[in-house]
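In this chain, residues are counted from 1 in sequence order. Both backbone and side-chain heavy atoms feed into the values below; hydrogens, waters and symmetry mates do not. Note that this is a predicted model, so its numbers are computed, not measured.
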Amino acid sequence: MMSQFLAKEGVKNLHKPGEKLVTTHCCYCGMQCGMHIRVNEKTNKVVGVEPRYDWPVTNGKMCPKGVTAYQTVDHKDRILKPLIKKNGEFVESTWEEALDLIEENFKRIQRESGKDALSVFGGVSMTNEKCYLVGKYARVGLGTRFIDYNGRFCMSSAAGGFLKTLGIDRGSTVPWPELEHTDCFFIAGSNTAECHPTSIQWLWRAKDKGAKLIVADPRETPTARVADVHLDLKPGTDSALANGMLHILIKEGYVDHEYVAKRCNNFEELKANVEKFTPEYTSEITGVSIDKIIKAGHIYGMSPRSVVMFARGVEQQTKGVDNVSLYTSMALLRGQIGKFASGVATFTGQGNGQGGREHGQKADLLPGYRKLTDPAAVEYVSKVWGIDPSEMPKPGVSAYEMFDEMLNGTIRGMHVICSNPAVSAPNLEHVWKGFRSLDFLVVSDFFLSETAQFADVVLPATTWAEDEGTTTNLEGRVIHIRKVTEPLGESQPDWKIIGMIADRMGRGKYFPYKEASEIFDEFRLATKGGKADYYGITWERIDKENGVFWPCPSEDHPGTPTMFQESFGTPDGKANLAVIGWKDAGEIPTKEFPLFLTTGRVVFHYLTGNQTRRVDFLMQQCPEPYAEMHPALASKYGLADGDMVKLTTPRSHMTIKTRITKAIRKDTVFVPYHWGEELAVNQLTSDCLDPTSRMPEFKVCSLRMEKA
Ligand SMILES: Nc1nc2c(c(=O)[nH]1)N[C@H]1C(S)=C(S)[C@@H](COP(=O)(O)OP(=O)(O)OC[C@H]3O[C@@H](n4cnc5c(=O)[nH]c(N)nc54)[C@H](O)[C@@H]3O)O[C@H]1N2
Ligand SMILES: Nc1nc2c(c(=O)[nH]1)N[C@H]1C(S)=C(S)[C@@H](COP(=O)(O)OP(=O)(O)OC[C@H]3O[C@@H](n4cnc5c(=O)[nH]c(N)nc54)[C@H](O)[C@@H]3O)O[C@H]1N2
Ligand code: SF4
Ligand SMILES: [Mo]
């Protein structure tokens, strides 16, 4: 298999004479693995990949998606020219024609219904330069308050929890290479080995030195399989489990009282709150055995250097912010945050899931994590943008809630840039209706996605390999994405597309850029003084220093690999321990729908699959979705491996193959979500949102099933 071949140490030179290597990073997940892309010097075509052994975060390791990513650059399905829908069919057009049509319709809609009738739906598989510009495009180019992005489905609960407890949302408080020296990993709701595969090397290195591993997941993932304790909890019960852990830490004397007294608020309140979360009570709610709960509490409590890590399993819940706050409080009670090889981290999902969530694609945020509700922030950013503060639109609504605004007629036009919500949003029937109700939809993508099928105009964007810029990886390290080859066909980088439309809207003078580097310079200034301060970061420094960690307020500042060494980002500098009780998920099993449905990923596909479903090797490994269930559950329903099963939730139903495995709870069915239309599991998922982060509960809903 190609991936194993490439991962082998010693296989250093794959490129041949006549090929040049361009050093960059993978386009997919937040690991942002270092790689060299092989380019034929004569044709300037991308022909392959070579691992980058000297990238300190990933050391030449890559996963099956990363080693095949290059195949998407010159793929036969690339959109090469703008497409306009005529009589229900897409026809190729010139850029002039497409821009004329966009200008005409965008202006008409705003004339008839006001500026906010247009909206922008962004994404974070783009560079910081582009993500920043998408926010500016909505507010300055179109003048609308309706902008949100796919990170709402991904990182918003982690952001909410970290802001509440630590005052700053940087996904990891600790740089990855230090993890080799960690004594204990407490990992909740992360399928690390499949979703951040190249992180596993750090766990193995630490394990070789005796580190312990605790995994909380309803499924026995490849990571849970090698854990010292696998806490196989019921979906949606993390807040009880975390409170149970806090209870043990206090009862068994594992609290670092000096650290807590000096650096944390709310200890007495937390202590009173967790009193009732005895191992017995915790076991009753979570379904995890009392023994395992106690064992996990002791292992975590006794370890001198520990890291609490989590991902979407705990965040994509109506209690996502609560879960993040409670798990983070475990690390705080142990005095672990701000120290070497210890702390707390969320596995940021998308390639630029960190940078993309800081700079203004979110309905209520401006660059540098500034708040749109803060007059000083509005004034500062308005000055950078050259607009009057009174022109700055107010906060809009969250990603899923934009579909409500479409259906009630408030939003009439949308520009989707780098996302495929027709597959990735929950409760898809509602979302599809929303798209159908639009007057005018523009989609920028390089492959025709399920969302693009709804569009009036599709604009050909470039892939990551055809433009230069920066991303911020899951550690908070800002890194350099290099241009490998020229844009294919007539495709254009997103920032140029945005500039062209802004120009048509009469706002061209605010988007004067000739190079992505000019956007980066403006962006640095826009973040200056904000919580996510990039002002001191330059492309040159990134190359010289193997990336620079934000916050980095000046060019002579070393950057911040370890967060919160002296104080936290809250107004009083102290962390806020979480005092949060237990409540049920938004939807729980009933008589009619007696099982849990949970959804997520497999190693071979990425998100909505619009990229990875086009790579033959990946499709051969995993061609279609399936319903993963325990043999005991399957036999109760008379199902054998590979039988078709009808899955029904209170919203909709779908029929797919079963996959039978002992590696899952007996009351839970798991379905991966990388396919569209009738194969999209999001037809079934619930639209319950976390009250603070407005993140959908992709990880829990109730389910009925029958043999098809
Ligand atoms: N191969 C691959 N890698 C990816 C991606 C991809 O699509 N494919 N996407 C990237 C992105 S954007 C993201 S966000 C990350 C996601 O990375 P992860 O969050 O690791 O992936 P998921 O599969 O969504 O969910 C993780 C685990 O949560 C568990 N889980 C379900 N319900 C619960 C619960 O109630 N409590 C707990 N504790 N666990 C629960 C699931 O069984 C699953 O194993 O991956 C990134 N990496
Ligand atoms: N049921 C269920 N649903 C989920 C989740 C889950 O666990 N379960 N997870 C959620 C999570 S964590 C996430 S992150 C979302 C992801 O949801 P989406 O953002 O909808 O997923 P992607 O497949 O990344 O969509 C990105 C689209 O943009 C295109 N693209 C990639 N790079 C670029 C670029 O640079 N420019 C432009 N213009 N286009 C580009 C791709 O071809 C693709 O069509 O899904 C969410 N939905
Ligand atoms: S998908 Fe993630 S782990 Fe795999 S090669 Fe790309 S960045 Fe690395
Ligand atoms: Mo994500």
Checklist entry - What residues form a side chain to side chain contact (heavy atoms under 4.5 Å, CB included) with Ser306, not counting sequence neighbours? => result Cys184, Tyr300, Ser303, Gln336
Search all heavy atoms of [X] against all heavy atoms of [Y] and return the closest pair with its distance.
| X | Y | result |
| --- | --- | --- |
| Val321 | Asp690 | N-OD2, 3.1 Å |
| Ala311 | Ser190 | CB-CB, 3.6 Å |
| Asp533 | Lys528 | OD1-CA, 3.7 Å |
| Ala345 | Ser172 | CB-OG, 3.6 Å |

Next on the checklist: Is there a side chain to side chain donor-acceptor pair (under 3.5 Å) between Asn265 and Asn576? Walk through the geometry before answering.
Outcome noted: CA-CA 5 Å; Asn265 296 316; Asn576 298 313; 3.0 Å; yes
Does this structure show an ion pair linking [X] with [Y], if we count only N-O contacts that are shorter than 4.0 Å?
| X | Y | value |
| --- | --- | --- |
| Glu555 | Arg524 | yes |
| Arg52 | Asp54 | yes |
| Arg263 | Asp256 | no |
| Arg38 | Glu50 | no |

Next on the checklist: Quick check on the 6.0 Å ring-centre criterion: do Tyr534 and Phe523 meet it?
Outcome noted: yes
Checklist entry - For the residue pair His25 and Trp55, is the inter-centroid distance of their aromatic rings smaller than 6.0 Å? => result yes
Next on the checklist: So, using side chain to side chain donor-acceptor pair (under 3.5 Å) as the criterion, who are the partners of Tyr535 when residues are at least two apart?
Outcome noted: none
For residues [X] and [Y], is any side-chain donor paired with an opposing acceptor at under 3.5 Å?
| X | Y | answer |
| --- | --- | --- |
| Asn128 | Thr470 | yes |
| Thr471 | Gln32 | yes |
| Thr570 | Asp572 | yes |

Next on the checklist: As a quick check of understanding, evaluate side chain to side chain contact (heavy atoms under 4.5 Å, CB included) for Val39 and Val22, giving each step before the final call.
Outcome noted: CA-CA 8 Å; Val39 181; Val22 184; 4.1 Å; yes
Flag side-chain contact, heavy atom, 4.5 Å: [X] against [Y]:
| X | Y | answer |
| --- | --- | --- |
| Arg507 | Leu142 | no |
| Val397 | Asp148 | no |
| Leu577 | Leu333 | yes |
| Leu166 | Val344 | yes |

Check the angle between the aromatic planes of [X] and [Y] and answer parallel, tilted or perpendicular using the 30° and 60° thresholds.
| X | Y | value |
| --- | --- | --- |
| Phe186 | Tyr327 | tilted |
| His480 | Trp539 | tilted |
| Phe698 | Phe153 | perpendicular |
| His415 | Tyr137 | perpendicular |

Checklist entry - Would Thr463 and Phe447 count as a side chain to side chain contact (heavy atoms under 4.5 Å, CB included) if you check the C-alpha gap in whole Å, the side-chain angles of each, and the deciding distance to 0.1 Å? => result CA-CA 10 Å; Thr463 64; Phe447 290 135; 6.0 Å; no
Checklist entry - Any donor-acceptor pair under 3.5 Å linking the side chain of Arg305 with the backbone of Leu179? => result no
Checklist entry - Cation over ring, Lys136 on Tyr510, under 6.0 Å and within 45°? => result no
Item to check | Arg145: partners by salt bridge (charged side-chain N to carboxylate O under 4.0 Å, His left out), with sequence neighbours left out | outcome: Asp116
Checklist entry - Taking it one step at a time, do Tyr513 and Glu522 satisfy side chain to side chain donor-acceptor pair (under 3.5 Å)? => result CA-CA 10 Å; Tyr513 322 102; Glu522 179 184 303; 2.9 Å; yes
Item to check | Candidate list Arg482, Lys483, Lys130, Lys496, test salt bridge (charged side-chain N to carboxylate O under 4.0 Å, His left out), partner Asp467, passing option | outcome: Lys130
Checklist entry - Given the rule in the side chain to side chain donor-acceptor pair (under 3.5 Å) test, do Thr451 and Asn420 qualify, once you have shown the distances and angles that lead to the verdict? => result CA-CA 5 Å; Thr451 303; Asn420 188 10; 2.6 Å; yes
